[in-house]
Asks: 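Here you go, one structure.
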Protein chains: 2
Amino acid sequence: MANIKDVAKAAGVSTSTVSRTINNSKSIPDDTKARINEIMKKLNYTPNQNAKSLTTNKSYTITLIVDVDDEKSFQNPFFYEIMHGIEKQVYKKEYSFIVANLKTMMKKLTVLDWLIKSKRTEGVILPSSMLDSITVESLRKDKIPFVSIGEPIHIKESITWVDIDNKRGAEAATFYLLEKGYKSVAFLGLNQTKLFNRRRYEGYLNALHSENIEIDSKLIIDCNNTKADGYQSMKALLALEKCPDAVVCADGELSFGAIKAIKEHGLAIPEDFGLISYDESKIAELSYPTISTVNVDMFEMGQQCAKLLFEQIENQNTRDQGILISTSLNCRETTKN
Amino acid sequence: MANIKDVAKAAGVSTSTVSRTINNSKSIPDDTKARINEIMKKLNYTPNQNAKSLTTNKSYTITLIVDVDDEKSFQNPFFYEIMHGIEKQVYKKEYSFIVANLKTMMKKLTVLDWLIKSKRTEGVILPSSMLDSITVESLRKDKIPFVSIGEPIHIKESITWVDIDNKRGAEAATFYLLEKGYKSVAFLGLNQTKLFNRRRYEGYLNALHSENIEIDSKLIIDCNNTKADGYQSMKALLALEKCPDAVVCADGELSFGAIKAIKEHGLAIPEDFGLISYDESKIAELSYPTISTVNVDMFEMGQQCAKLLFEQIENQNTRDQGILISTSLNCRETTKN
DNA sequence: TGTTTTCACGCAACCGGTTGCGTAGACTGT
DNA sequence: ACAGTCTACGCAACCGGTTGCGTGAAAACA
């Protein structure tokens, strides 16, 4: 395989000139560049990244860290979309990106440290669930750019993050249900431990407030994001004296359980009961009836993460910022037309 | 940051000795090793991978290639599981792995070539759908180990691949339905363009043959792996004079449509009608009723891919082989007990 | 035509490891 | 005590690029 010396020899120039051609330095005239490029093509030459990385001290690689434990298996397509978005940006820059799943490795900081110290990565994208003050401090000390997937929790430091606009999504869903004539809208899946559940809850409250509708705490169910919990919670809602006729679900899996309960109760969807859920993947299409959802664009989220990361890698002094990706409503069969 | 010279100086030895300690050479006595390791820890030293890669000509990195176009969005968790399996093996070896989605890049060979020539990857795991003779030839020429995810199609060359044992899975599903007393088992989703659909079909046929049941071609429906096709095809089955009372679905999405059709027809599941599908993710849990499935272990598949790849990377002369991952039945609510 | 500026490019050190070869000193055997 | 063997480790070249500095020649200027 050809190396830079072979190219230099073939072109009758020094390796410096070839290197400058590769890196498009202004001090090489265009015709010389053209000639050398020609020869590189002829020799089928590709620069050795390791050599390049060694001298420049850049790995041209970023890392996506995944925390498998934190995800329900079918929430994973959600990560797949993020990956796809990141990758699009990464390859634009001729970078590559590696995926590290911290479940596999023993300790978070050990992995990160290894990736960084061994010069395998220039920047990190990681879920907010993995960020604590110690990690942030450690990354800052090593001057490693990072972006959080999701609004950070339990962190006082100001960092850069990207999240779905959960609040407005739920707000829009609630408005929509009211607009379609549903009289009493419940909320399923207030889960104080999950920030995105809480934000969605806030959106629900917001909507009711602006419509001057009194909040009925019985209509707000605190439960986990599982089908089983959705089923039980919905049953509880339907057993109420002042039973609601619509619900906003904070989570996709939840809503499958909820729909089961509604059907068993003998109510017709969407005539007697309306439902809007959240959708990180496309499973809402599979339900019968198909589920109306707040659509979240995880591909865009991935792209934003990567963009923000590259900004940090390229500029030293960018300021930390939080970005919210806006959502859209996708009305399918669980809401009146 | 400390480098190997700093360590050598601190230990009063040459860099050679430190390097040999790192690589655990036998020519360094244990006490010396211990002392040097101590110092490395104290200095918080991690070898620079780029330097290492440059001399050893190994990148300690493998690549997973994904073809987004080929996948339905909710089939992606399936890829996620594979990733996870690969990763487990990769980190055992202190390798890392990069993910390249060829949709993003312009041409398959260009990407592969770049990854290889630039010394960014030592081996490749890629879906069978991306393998054609030209690609195989190119990889062989560069002596790059590779493993195909899925039994290869349209290739005469013998290569190494890993696939799900689709045939036996469908066979077992068919046996199970018959065993449970269903009289007439149909097959949904013969799709000649997809090898795994075809294999599942073969399994179905196998089972009927060994039970000496005559094949009724009306009970075999050729359709795509979509919910809509599942719905239409099941409707067609139910409209038959000699209507079946059970079905094996070649695909998960299909079965959601099929169930919808069965319900609309007024049949009780599983009493009047039994169904077994395939499950690459966990969406079968979400359906109402939950779907009995042939379980496929994509995590294991990923692990096998990585293991076979590392065998090739480490040994020069391994022989090409195909490995089938066995499946298991997970009987949920669409089959009688 | 002589002087200064600019341009194009080469020299050589350097990035941080690895490794073949060589050797000093310890150890073994007689 | 001496030759031969073995052990532990250093020397220095090398991997394939990048880049600060320097220089000869051409261009611009007076």
Side-chain angles (χ1 to χ4, degrees), chain A residues 1-37 39-40 43-61 94-96 114-122, chain B residues 1-37 39-40 43-61 94-96 114-122:
Chain A
M1 255 192 53
N3 62 22
I4 200 172
K5 280 181 199 160
D6 300 326
V7 175
K9 202 171 299 170
V13 296
S14 71
T15 61
S16 323
T17 304
V18 177
S19 175
R20 291 188 177 109
T21 300
I22 294 167
N23 296 295
N24 206 19
S25 152
K26 332 115 235 77
S27 74
I28 307 289
D30 289 345
D31 53 342
T32 309
K33 277 183 188 164
R35 192 165 52 87
I36 294 176
N37 280 321
I39 289 171
M40 295 198 293
L43 294 182
N44 196 9
Y45 165 75
T46 308
N48 181 319
Q49 279 288 343
N50 297 126
K52 183 166 185 159
S53 291
L54 181 57
T55 43
T56 59
N57 206 23
K58 302 190 69 186
S59 58
Y60 305 96
T61 300
E94 291 228 320
Y95 268 56
S96 59
W114 180 70
L115 285 170
I116 293 163
K117 294 265 172 52
S118 68
K119 301 288 179 190
R120 280 185 175 236
T121 198
E122 282 180 51
Chain B
M1 255 191 54
N3 62 22
I4 201 172
K5 282 181 198 160
D6 301 326
V7 175
K9 203 170 298 170
V13 297
S14 71
T15 60
S16 320
T17 305
V18 177
S19 174
R20 291 188 177 108
T21 300
I22 295 168
N23 296 297
N24 206 20
S25 153
K26 332 114 233 80
S27 73
I28 308 288
D30 287 345
D31 52 342
T32 309
K33 274 183 189 165
R35 193 165 52 86
I36 293 176
N37 279 321
I39 290 172
M40 294 198 293
L43 293 182
N44 195 11
Y45 165 74
T46 308
N48 182 317
Q49 279 288 344
N50 297 127
K52 184 166 186 159
S53 292
L54 180 58
T55 44
T56 59
N57 206 24
K58 303 189 70 187
S59 58
Y60 304 97
T61 300
E94 291 228 319
Y95 268 57
S96 60
W114 180 71
L115 285 169
I116 293 162
K117 294 265 171 53
S118 68
K119 301 288 181 191
R120 282 187 172 231
T121 198
E122 281 181 50

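Everything numeric here is computed off the predicted structure, so don't read it as measured data. Heavy-atom basis, side chains included; hydrogens, waters and symmetry copies ignored. Numbers restart at 1 for each chain; the letters A, B, ... are given by sequence-line order, proteins then strands.
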Asks: Round to the nearest Å and state the distance from A:Leu54 atom CG to D:dC14 atom P.
Replies: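 Taking CG of A:Leu54 and P of D:dC14, I get 17 Å after rounding.
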Asks: Any base atoms under 4.0 Å from A:Ser53, or only sugar-phosphate, or nothing? Heavy atoms, all strands.
Replies: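 It contacts nothing in the nucleic acid.
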Asks: Return the value, rounded to whole Å, for the distance between atom CZ of B:Arg120 and atom P of D:dG17.
Replies: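 B:Arg120 atom CZ is separated from D:dG17 atom P by 14 Å.
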Asks: Donor-acceptor pair under 3.5 Å: do we get one between A:Arg20's side chain and the base of D:dG20?
Replies: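 By the distance-only test, yes, there is a pair.
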Asks: Quick one: on DNA chain C, does B:Asn50 or A:Val18 contact a more 5' nucleotide (nearest heavy atom)?
Replies: A:Val18
Asks: Of the nucleotides C:dG10, D:dA8, C:dG17, which one has an atom closest to the side chain of B:Ala51?
Replies: C:dG17
Asks: Could you verify whether a donor N or O on one side chain and an acceptor N or O on the other, from B:Asn24 and B:Lys33, lie under 3.5 Å apart?
Replies: yes
Asks: Can you check whether B:Asn23 has a side-chain N or O nearer than 4.0 Å to OP1 or OP2 of C:dT18?
Replies: yes
Asks: For a quick check, tell me whether the side chain of A:Ser16 and the base of C:dC11 share a donor-acceptor pair closer than 3.5 Å.
Replies: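 Yes.
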Asks: Take atom CD1 of B:Ile28 and atom P of D:dA8, then tell me their distance rounded to the nearest Å.
Replies: 8 Å
Asks: Look at the side chain of B:Thr56 against the base of C:dT18 and say whether a donor-acceptor pair falls under 3.5 Å; ignore hydrogens and angles.
Replies: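 Checked by distance alone, the answer is no.
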Asks: Would you indicate, yes or no, if C:dG16 has its OP1 or OP2 atom less than 4.0 angstrom from a side-chain nitrogen or oxygen of B:Thr55?
Replies: no
Asks: Atom NZ of A:Lys58 to atom P of C:dC15: distance rounded to whole Å?
Replies: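 So the NZ-P distance, A:Lys58 to C:dC15, works out to 19 Å.
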Asks: For D:dC11 and B:Ser14 - does any side-chain N or O of the residue sit under 4.0 Å from the phosphate oxygens OP1/OP2?
Replies: no
Asks: What does A:Val13 touch in the nucleic acid at a heavy-atom separation under 4.0 angstrom: a base, only the sugar-phosphate, or nothing?
Replies: sugar-phosphate
Asks: For the pair made of CG in B:Asp31 and P in D:dA8, what is the distance, rounded to whole Å?
Replies: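 Checked: the CG to P distance equals 9 Å.
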Asks: Taking only side-chain nitrogens and oxygens of A:Ser19, does any of them come within less than 4.0 Å of OP1 or OP2 of D:dT18?
Replies: yes
Asks: Treating B:Ser118 as the side-chain partner and A:Asn48 as the backbone partner, does any N or O pair qualify as donor plus acceptor under 3.5 Å?
Replies: no
Asks: Ignoring hydrogens and geometry, is there a side-chain-to-backbone donor-acceptor pair from A:Asp31 to A:Ala34 under 3.5 Å?
Replies: no
Asks: Sub-3.5 Å donor-acceptor pair from the side chain of B:Ser25 to the main-chain atoms of B:Asn23, do we have one?
Replies: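 Flag not set: sc B:Ser25 to bb B:Asn23 has no pair under 3.5 Å.
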Asks: Look at the side-chain N and O atoms of A:Asn48 and state whether any lies under 4.0 Å from the OP1 or OP2 oxygen of D:dG16.
Replies: no
Asks: Roughly, in whole Å, what's the span from CG in B:Asp30 to C1' in D:dC9?
Replies: 15 Å
Asks: Ignoring backbone atoms, establish whether A:Tyr45 has a side-chain N or O less than 4.0 Å from OP1 or OP2 of D:dG17.
Replies: yes
Asks: Let me know the distance between CG of A:Asp6 and P of D:dG16, rounded to the nearest Å.
Replies: 9 Å
Asks: Is it true that atom NZ of B:Lys9 has more than 12 heavy atoms of other residues, nucleotides or ligands lying nearer than 6.0 Å?
Replies: no
Asks: Rounded to the nearest angstrom, tell me the gap between atom CG in B:Asn3 and atom P in C:dC15.
Replies: 8 Å
Asks: Indicate yes or no for a side-chain donor-acceptor contact from B:Gln49 to the backbone of A:Lys119 under 3.5 Å, with no hydrogens or angles considered.
Replies: no
